[in-house]
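Below: the structure, in structure tokens.
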Amino acid sequence: MFDLSLVAARDALAAKKFSARELTTAYLGAIEKLNPDINAYITTLPEAALAQADAADISLAKGEAGPLCGIPLAIKDLFCTKGVRTTAGSKILSPFIPPYESTVTANLLRDGAIFLGKANMDEFAMGSSNMTSAYGCVTNPWTRRGDNRPLVPGGSSGGSAAAVAARMALGATATDTGGSIRQPAAFCGIVGIKPTYGRCSRWGVVAFASSLDQAGPVARTVEDAAVLLGSMAGFDPKDSTSADIAVPDFAAACKRGVKGLRIGVPREYRLDGMPPEIDALWRQGLDWLREAGAEIVDVSLPHTKYGLATYYIVAPAEASSNLARYDGVRFGARTPGRDLTELYENTRADGFGAEVQRRILIGTYVLSAGYYDAYYLRAQKVRALMLRDFTEAFETVDALLTPATPSAAFGQGEKMDDPITMYLNDIFTVPVNMAGLPAMSVPAGLDAQGLPLGLQIIGRPFDEETVFAVGAAIERAAGFSTLPNLRAGA
Amino acid sequence: MAYTLEGSTGTWEIVCGLEVHAQVISKSKLFSGASAAYGAEPNTQVSFVDAAFPGMLPVINRECVAQAVRTGLGLNAEINLWSRFDRKNYFYADLPQGYQISQFAHPVVGKGVVEVTLADGSTKQIGVTRLHLEQDAGKSLHDQDPSRSFIDLNRSGVALMEIVSEPDIRSPEEAGAYLTKLRQVLRYLGTCDGNMDEGSMRADVNVSVRKAGEDFRTRCEIKNVNSIRFVMLAVEAEAKRQIGVWEDGGDVVQETRLFDPTRNETRSMRSKEDAHDYRYFPDPDLLPLVLEQAWVDELKSRLPELPDAKTARFVRDYGLSAYDARILVMEQATADFYETVATGRDAKLAANWMMGDFFAALNRTGRTIEDSPVTAANLAGLIDLIADKTINGRIAKEVFEAMVETGQAAGVIVEAKGLRQVTDTGAIDAAVDAVLAANADKVAQYKAGAEKLFGFFVGQVMKAMAGKGNPALVNEALKARLS
């Protein structure tokens with residue numbers, strides 16, 4: 001049962017090979033067994049999930065099954081879920097039970113999905129390792145060959161990615177502000193897509209950086225991701241930045257093939273000191289696409305080198321403002337003080353971890369009078385130039401292919417001393433958020449130590465279909481079938 | 001003669017500009033669907049957006065934008081088809097988001113102008129710098145409990161228009177006239193009720209002083225003044241304080257002050273050094289506000305007639321003096337009342353009745369035009385009875401007082417009290433004859449040249465007829481008999 005992809009499981013449910021209750025029970029068992037080691041879930045929902053499964057079985061019996069009927073999923077703990085504690089990986093939200101359901105999770109429920117629990121994550125989605133979670137780090141189900149030291153799953157959607165990779169869920173929701181879907185997907189050997197900014201509603205998703213945040217799925221296969229995104233996406237009048245554009249059939253796009261597509265190779269992504277195996281995998285990916293009928297074209301994205309610096313101005317600036325509401329006054333954790341100022345100081349000092357505090361400080365600084373022009377305003381100008389780079393590249397190509405990350409998963413505790421080293425993880429993913437584009441990470445091979453590596457496909461705004469087509473072509477060519485040691489059914 | 005203040009070192013001029021916060025009349029708040037109505041139980045009109053719960057997002061209320069555009073049009077201002085919302089960041093317990101969404105850099109309305117009329121009849125143009133939309137904060141209640149503060153978020157997120165004037169105001173009178181006119185225009189437009197005592201309109205007053213011909217000196221801002229009279233008092237008190245500081249050899253420090261009406265003085269609230277750094281930046285949850293010219297044009301085509309235009313029309317169409325017209329136009333309801341009374345009647349007579357007995361009666365009874373005991377139709381009916389000579393002017397006053405008391409129509413009262421004017425010449429002649437017969441000595445004096453006595457005879461005849469005699473016929477009959 002655990003070997004089935006989401007789409008295969010859906011077919012099996014429809015064919016009555018097993019019930020939603022059986023499927024859900026199996027996944028709940030996997031969680032019970034593996035979560036103590038992996039810590040992918042902050043909150044599990046066994047009773048609610050079984051109740052949903054029974055309802056799904058009724059719908060299946062009546063032939064009224066939605067596209068995700070009976071499919072057990074993990075929900076990143078950044079999505080507000082009605083009546084279910086939502087922490088955003090932070091202590092400050094430890095007592096928070098939302099009285100509302102986010103639009104994305106409501107869409108999944110509408111389509112019959114079952115929620116197994118709330119997935120662990122870096123605090124407020126700030127991190128690339130899952131080490132900043134107030135609920136303990138997540139352990140990557142993969143280990144280096146001959147080395148049992150625990151590795152990070154990437155972040156911030158590390159719980160979601162680890163849950164899917166270890167088969168503790170058939171798929172998961174995630175969010176991506178600077179790479180938080182694609183990097184953990186790459187580290188865990190699964191598929192993750194960040195759609196175009198505006199494709200999924202941000203309503204009910206705890207905000208990190210509003211102009212960059214975008215929800216998307218992580219899944220075992222490209223087609224699974226397409227099915228999940230098709231359910232999650234859609235215009236939402238409650239989010240002013242949501243796009244009023246019809247959601248196409250992403251799953252159908254997976255079967256399109258790449259014949260005749262022009263695939264761009266941005267030369268600025270060829271970094272000095274990049275591990276040769278990542279460069280080799282990138283060339284391999286281009287060869288696969290060429291063999292499948294695509295044309296490979298060199299392109300230039302000249303402002304790429306400013307991506308990280310710009311991102312680490314824009315994202316903290318927005319975060320410093322977005323996180324002001326966590327003040328201990330109306331909801332969440334409160335540490336008392338003698339007066340209002342002390343209440344704020346105590347609550348926020350206790351409630352926020354070090355990385356969140358660091359980003360609030362950076363963001364406050366770059367927005368301050370006298371620094372705004374030099375930092376925030378300039379960053380916005382560079383951001384516009386980065387978007388122009390992509391726009392010009394897409395005049396000649398249909399999609400871009402790059403590595404997803406500059407390395408495979410690293411060890412827990414590594415890269416913790418110097419935040420800059422940690423920030424470098426996002427070097428290939430951040431420019432995509434700055435430009436609001438859709439991009440997917442698809443597993444394409446292993447490094448010398450046996451850890452998965454991903455390739456990134458970047459598409460035009462609202463052209464996720466081409467991204468799915470290219471991702472599926474790489475998936476087919478790569479035939480990536482290695483599984484992590486830690487997994488259900490092993 | 002320009003307004004100035006005398007100090008020990010010479011003559012000073014006031015420079016003043018006003019920032020008026022006007023609460024937008026709308027069903028729901030600027031970015032949420034919660035009710036914006038005034039006076040509900042605390043925290044009963046609060047959505048999750050207003051309380052800034054995690055993941056909640058603002059969505060602009062189209063009606064609030066329309067109200068701002070209408071106001072801009074009413075202030076003869078430029079409408080910016082592209083504007084943007086910024087975040088003004090600061091921490092306070094009644095500011096749930098930790099920031100106020102406001103239009104800092106790109107307001108929806110640009111430069112406009114308000115023309116005010118001063119007591120001497122002169123007019124002056126006060127420039128409007130801008131009008132922008134922003135959220136109101138909640139309310140902190142510090143006086144409900146000895147040790148705790150309470151927060152009411154009903155007002156949190158309600159739409160405000162901040163209307164900023166140029167520093168064109170030169171006297172307390174001009175400040176008062178500007179506010180009065182602004183409030184009048186807002187009420188005409190139906191975009192703000194202007195109720196300063198409920199806080200739906202409040203003013204920040206910027207004041208500096210200078211000697212003739214100088215550039216601007218340092219200004220102070222007096223926050224949240226909540227009546228027109230207090231604004232006028234605050235301008236004067238603050239100007240005098242600053243003159244004192246300068247003349248004592250000191251420097252006026254730029255700061256925020258509060259006006260204390262009981263002591264008629266301003267007090268320092270916080271200095272520039274304590275000023276917040278608001279860290280303004282564009283709100284990434286909202287797209288720029290883009291308006292279509294056609295939509296603006298449509299709003300413009302549906303604007304009501306505004307006070308200046310109405311005043312001009314009253315002068316032109318009803319033959320009123322500019323002064324009378326301005327008084328009748330002061331409130332939309334008064335102007336409407338007047339037009340109902342005046343249309344098809346003697347417009348000047350209608351104006352005299354309104355500004356005389358009618359306003360006096362409202363004052364005396366403490367009623368407003370909306371709940372006046374005498375309706376417009378009834379006042380018109382009274383004037384009709386005068387015009388068709390059913391009653392004379394003197395009786396009309398008596399009838400009017402009865403109308404104020406009973407709310408009845410003039411005709412009903414006239415009939416009930418038998419006040420119909422006597423036009424029967426036989427009855428008049430008989431009364432004249434009786435009066436002349438009883439006053440033979442005065443008749444002799446009159447005929448000897450004491451013509452002033454004519455009025456005495458008229459009075460006696462009217463008295464004899466219980467005031468109901470037709471004055472013209474009485475005069476006529478008297479003249480005939482006495483000639």
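Protein chains get the first letters and strands the later ones, always in sequence-line order, with residue 1 at the start of each.
Both the backbone and the side chain of Asp285(B) come within contact range of chain A, each with at least one heavy atom under 4.5 Å from a heavy atom of that chain. Using a 4.5 Å cut-off between heavy atoms, Ser321(A) touches chain B through backbone and side chain atoms alike. At a 4.5 Å heavy-atom cutoff, Phe79(A) makes no contact with chain B through either its backbone or its side chain. Using a 4.5 Å cut-off between heavy atoms, Val206(A) contacts chain B through both its backbone and its side chain. Of the two parts of Ser201(A), neither the backbone nor the side chain holds a non-hydrogen atom closer than 4.5 Å to a non-hydrogen atom of chain B. Using a 4.5 Å cut-off between heavy atoms, Pro237(A) contacts chain B through its backbone alone, with no side-chain atom that close. Heavy-atom distances place the side chain of Tyr100(A), and not its backbone, under 4.5 Å from chain B. Only the side chain of Tyr99(B) comes within contact range of chain A, judged by heavy atoms closer than 4.5 Å. Contacts of Phe124(A) with chain B are absent, with no heavy-atom separation under 4.5 Å from either backbone or side chain. Neither the backbone nor the side chain of Tyr278(B) has a heavy atom closer than 4.5 Å to any heavy atom of chain A.
Between chain B and the options Leu377(A), Thr364(A), Val329(A), the largest number of non-hydrogen pairs under 4.5 Å is found for Thr364(A). Of the listed residues (Pro58(B), Gly98(B), Pro284(B)), the one with the most heavy-atom contacts under 4.5 Å to chain A is Pro284(B). Taking chain B as the reference chain and counting heavy-atom pairs below 4.5 Å, the highest number among Leu93(A), Asp213(A), Asn322(A) is found for Asn322(A). Among the candidates Cys80(A), Ser368(A), Ser102(A), Ala317(A), the residue making the largest number of heavy-atom pairs closer than 4.5 Å to chain B is Ser368(A).
Ring-centre distance between Phe281(B) and Tyr372(A): not below the 6.0 Å cut-off.
In this structure, Arg130(B) places its CZ atom where more than 12 heavy-atom neighbours from other residues, nucleotides or ligands lie under 6.0 Å away. The environment of Glu41(B) atom CD is sparse: at most 12 non-hydrogen atoms of other residues, nucleotides or ligands sit within 6.0 angstrom. Under a cut-off of 6.0 angstrom, the local environment of CD in Gln293(B) is crowded, with over 12 non-hydrogen atoms contributed by other residues, nucleotides or ligands. Heavy atoms of other residues, nucleotides or ligands lying less than 6.0 angstrom from CZ of Arg85(A) number more than 12. For OH of Tyr375(A), the number of neighbouring non-hydrogen atoms (other residues, nucleotides, ligands) closer than 6.0 Å is 12 at most.
In this structure, the separation between OG on Ser240(A) and CG on Leu286(B) is 5.0 Å, given to the nearest 0.5 Å. To the nearest 0.5 Å, atom CZ of residue Arg325(A) and atom CE of residue Met56(B) are 9.0 Å apart.
Residues Pro282(B) and Tyr376(A) come closest through the heavy atom pair CD-CE2, 3.9 Å. Smallest separation of non-hydrogen atoms from Arg87(B) and Glu318(A): NH1-O, 4.2 Å. Across Phe331(A) and Ala51(B), no two heavy atoms sit closer than the pair CE2-O, 4.0 Å. Among all heavy-atom pairs drawn from Lys238(A) and Val59(B), the shortest one is O-CG2, 3.4 Å. When all heavy atoms of Gln97(B) and Ala324(A) are compared, the pair lying nearest together is O-CB, 3.6 Å. Of all non-hydrogen atoms in Arg330(A) and Pro96(B), the two that sit nearest each other are NH2-O, 2.9 Å.
Contact annotation: the side chain of Phe91(B) approaches that of Arg348(A) to within less than 4.5 Å [non-hydrogen atoms, C-beta and beyond]. Residues Pro54(B) and Tyr326(A) are in side-chain contact: their nearest non-hydrogen atoms beyond the backbone lie under 4.5 Å apart. The side-chain heavy atoms of Phe53(B) and Pro99(A), taken from C-beta on, include a pair separated by under 4.5 Å.
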Derivation and outcome, side-chain contact (heavy atoms from CB on, under 4.5 Å), residues Tyr280(B) and Leu367(A)
CA-CA 7 Å; Tyr280(B) 286 101; Leu367(A) 289 175; over 6 Å; no
